[in-house]
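Accompanying notes for the structure given below.
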Number of protein chains: 2
Amino acid sequence: MELLPIVQSFVLHFGEMGSRWGINRTVGQIYALLYVSPEPLCADQIVEALGVSRSNVSMGLRELQGWNLVLLKHLPDDRRDFFTTPDDVWQILRTLAEERKKREIDPTMTVLREILMQRPASETEQYAQSRMSDMYGLIEQLTNWYDDVKKLETDRLATLLALGAKVTRLLETKDKIVSFGKGRKSRRHEGEIE
Amino acid sequence: MELLPIVQSFVLHFGEMGSRWGINRTVGQIYALLYVSPEPLCADQIVEALGVSRSNVSMGLRELQGWNLVLLKHLPDDRRDFFTTPDDVWQILRTLAEERKKREIDPTMTVLREILMQRPASETEQYAQSRMSDMYGLIEQLTNWYDDVKKLETDRLATLLALGAKVTRLLETKDKIVSFGKGRKSRRHEGEIE
DNA sequence: CTGTAATTTCAGAAATTACTGAAAATTCAG
DNA sequence: CTGAATTTTCAGTAATTTCTGAAATTACAG
């Protein structure tokens with residue numbers, strides 16, 4: 001692997017962390033490399049940089065495309081495929097969240113829904129269902145929040161994050177302000193405080 | 001594996017999903033089983049329920065304890081260890097977030113910090129650093145938000161989630177309300193909107 | 001078409017990770 | 001102490017995942 005030292009440590013770290021996520025070393029390394037490269041890279045450049053086989057790079061890129069984490073580019077008068085990552089890290093975050101939800105959350109929700117449809121045949125099954133229902137409710141709340149928040153443009157999302165828990169404090173003072181919220185219709189949302 | 005049908009599908013699903021997370025099948029199954037069991041279980045009961053070896057269960061329980069996801073209980077006049085999961089799903093969520101942060105985020109931040117201390121020796125390294133700095137900034141904002149929010153009790157957290165993106169709309173109206181925020185000191189927080 | 005460059009596929013090899021059974025260690029009652 | 005009950009450790013094996021090289025496919029210029 002012939003890489004600038006700074007890039008190398010980053011790439012190696014992503015390779016190692018890959019396993020703590022669900023991705024393998026090579027995929028992690030490819031992503032890291034593309035992420036810090038000023039120009040799009042073609043497969044052979046990645047092969048050379050990482051010292052892995054051409055076919056491995058091909059499979060890695062394919063996986064990253066499946067995650068929507070890399071972009072395919074073409075240079076004029078060049079038949080090769082070049083790859084980059086999106087520039088906006090917030091967009092990357094959104095993509096990542098979306099894909100992880102799709103792979104890790106949605107299937108579980110489907111299973112839970114199916115199980116919860118069934119009639120419990122015993123005390124124990126009934127208890128099990130109530131636990132699953134708790135889990136279902138929790139995830140549902142989280143994904144509702146996520147659906148709500150994911151549409152926000154970057155600057156608004158940043159604002160929301162910057163506020164953090166201060167929002168709840170802010171809400172406490174709400175009541176003290178006479179005309180607050182006047183003219184808004186539909187105050188009926190789950191968990192809305194009154 | 002001798003399990004009630006409802007429990008069985010849940011346990012099997014968690015086993016499969018385990019691989020998409022960073023945990024193995026057995027660990028996923030053990031957790032699922034404990035989660036839906038009305039009473040704490042001892043290792044041998046888990047062995048029987050899941051049909052895996054005693055030593056495998058021992059290692060699985062050990063890993064779950066490392067994640068703080070199971071509780072060890074003792075029954076009077078019984079030397080065996082019994083295990084459960086915490087009741088409160090919100091608490092489970094908090095634990096999970098905490099542990100994942102520890103394992104997946106913190107090491108990356110350390111690496112990024114170290115790399116960003118170094119002097120770039122070329123244009124390319126400089127670009128790489130600026131990308132890493134973007135990533136660092138993003139994660140920092142997210143973890144600041146997380147640190148802020150994680151202390152909230154369950155009901156408040158639920159409130160915050162229920163509000164979701166509506167908070168930003170709420171903030172827009174803020175300016176229109178004359179006395180809002182009066183008497184509060186220190187309005188100086190990163191990203192605070194004015 | 002034909003030939004070449006680029007990419008993908010895939011069977012098997014290599015590496016990693018998970019699991020088991022036997023042995024060792026721990027715990028505790030008597 | 002002794003010894004039975006319980007848990008842990010660990011070397012070896014099984015299972016799974018990752019990676020490679022060779023062959024197949026695709027894409028396209030001439």
Side-chain angles (χ1 to χ4, degrees), chain A residues 1 11-12 14-34 39-67 70-84 103-104, chain B residues 1 11-34 40-67 70-84 103-104:
Chain A
M1 205 200 278
V11 164
L12 290 179
F14 257 64
E16 285 166 31
M17 288 312 271
S19 16
R20 299 212 187 172
W21 270 63
I23 64 174
N24 69 44
R25 189 166 68 255
T26 308
V27 172
Q29 290 184 350
I30 293 174
Y31 183 79
L33 179 63
L34 293 176
E39 303 297 335
L41 302 179
C42 72
D44 283 319
Q45 290 173 299
I46 299 172
V47 166
E48 197 188 358
L50 302 183
V52 297
S53 75
R54 182 54 237 265
S55 50
N56 198 3
V57 169
S58 178
M59 292 190 299
L61 285 169
R62 168 172 273 266
E63 175 155 4
L64 287 170
Q65 284 176 288
W67 279 84
V70 297
L71 299 172
L72 178 56
K73 299 242 167 183
H74 279 108
L75 303 185
D77 296 327
D78 195 327
R79 268 165 61 189
R80 292 173 296 176
D81 294 338
F82 286 79
F83 299 89
T84 6
R103 286 154 217 252
E104 299 176 7
Chain B
M1 207 200 278
V11 164
L12 290 179
H13 175 75
F14 258 63
E16 285 165 30
M17 288 312 273
S19 17
R20 300 213 185 168
W21 270 63
I23 63 173
N24 69 43
R25 189 167 65 253
T26 309
V27 172
Q29 291 184 350
I30 294 174
Y31 183 79
L33 179 62
L34 293 178
L41 301 179
C42 72
D44 283 318
Q45 291 173 298
I46 300 172
V47 166
E48 197 190 357
L50 303 183
V52 297
S53 74
R54 181 56 235 265
S55 50
N56 198 4
V57 169
S58 179
M59 294 189 298
L61 286 170
R62 166 173 274 264
E63 174 155 4
L64 286 170
Q65 283 177 288
W67 280 83
V70 297
L71 299 172
L72 179 56
K73 300 242 166 180
H74 278 109
L75 303 185
D77 297 326
D78 196 326
R79 266 163 65 190
R80 293 172 296 176
D81 293 337
F82 286 79
F83 299 89
T84 4
R103 287 154 217 251
E104 298 176 9

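Chain identifiers are assigned alphabetically (A, B, ...) following the order of the sequence lines, protein sequences preceding nucleic acid strands; residue numbering begins at 1 within each chain. Small disclaimer: the values here were computed from a predicted structure and weren't measured.
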(message) What is the separation between atom CG on A:Asp77 and atom P on C:dA5, rounded to the nearest whole Å?
(response) 16 Å
(message) If you define the side chain from C-beta out and look only at heavy atoms, does anything of A:Phe82 sit under 4.5 Å from A:Leu72?
(response) no
(request) Establish, with yes or no, whether the OP1 or OP2 oxygen of D:dT7 is under 4.0 angstrom from a side-chain nitrogen or oxygen of B:Ser58. (result) no
(request) With a 4.0 Å heavy-atom cut-off, tell me which residues in residues 21-30 of chain A come close to DNA chain D, sorted by residue number. (result) A:Asn24, A:Arg25, A:Thr26
(request) Check the distance between C:dA6's P and A:Met59's CE and give it to me in whole angstrom. (result) 20 Å
(message) Rounded to whole Å, how long is the line connecting atom CD of A:Gln45 with atom P of C:dT7?
(response) 11 Å
(request) Could you check how far CG of A:Leu61 sits from P of C:dT9, rounded to whole Å? (result) 12 Å
(message) Let's test your reading of the model: under 3.5 Å, does the base of C:dG21 pair with the side chain of B:Ser53 as donor and acceptor?
(response) no
(request) Work out which heavy atom in B:Gln45 is nearest to a heavy atom in B:Cys42; give both atom names and the distance. (result) OE1-N, 2.7 Å
(message) At 4.0 Å (heavy atoms only), tell me whether A:Asp44 reaches a base, stays on the sugar-phosphate, or touches nothing.
(response) nothing
(message) Distance check needed: D:dT7 C1' versus B:Asp78 CG, whole Å only.
(response) 13 Å
(request) Classify the nucleic acid contact of B:Arg62 as base, sugar-phosphate or nothing, counting any heavy atom under 4.0 Å across all strands shown. (result) sugar-phosphate
(message) Just the rounded figure in Å: distance from P of C:dC28 to CG of B:Asp81.
(response) 9 Å
(message) Using only modelled atom types and a 3.5 angstrom limit, is any donor from either the side chain of B:Arg79 or the base of D:dA5 paired with an acceptor on the other?
(response) yes
(message) Rounding to an integer number of Å, can you tell me how far B:Glu63 CD sits from C:dC19 P?
(response) 10 Å
(request) Kindly compute the distance separating CG (A:Leu75) from CD (A:Glu39), expressed to the nearest 0.5 Å. (result) 8.5 Å
(message) Using a 6.0 Å cut-off, check whether atom CD of B:Glu48 has over 12 heavy atoms from anything other than its own residue.
(response) no
(request) State whether the side chain of A:Arg20 and the backbone N or O of B:Arg103 hold a donor-acceptor pair below 3.5 Å, judged by distance alone. (result) yes
(message) In whole Å, I'd like the distance from the CG atom of B:Leu72 to the C1' atom of D:dT7.
(response) 12 Å
(request) Scan B:Arg80 against the nucleic acid and name what it touches under 4.0 Å (heavy atoms): base, sugar-phosphate only, or nothing. (result) sugar-phosphate
(message) Nearest 0.5 angstrom please: B:Tyr31 OH to B:Phe83 CZ, how far?
(response) 14.0 Å
(request) Using side-chain contact (heavy atoms from CB on, under 4.5 Å) as the criterion, point out the one residue from A:Val52, A:Leu34, A:Thr26 that pairs with A:Ile46. (result) A:Leu34
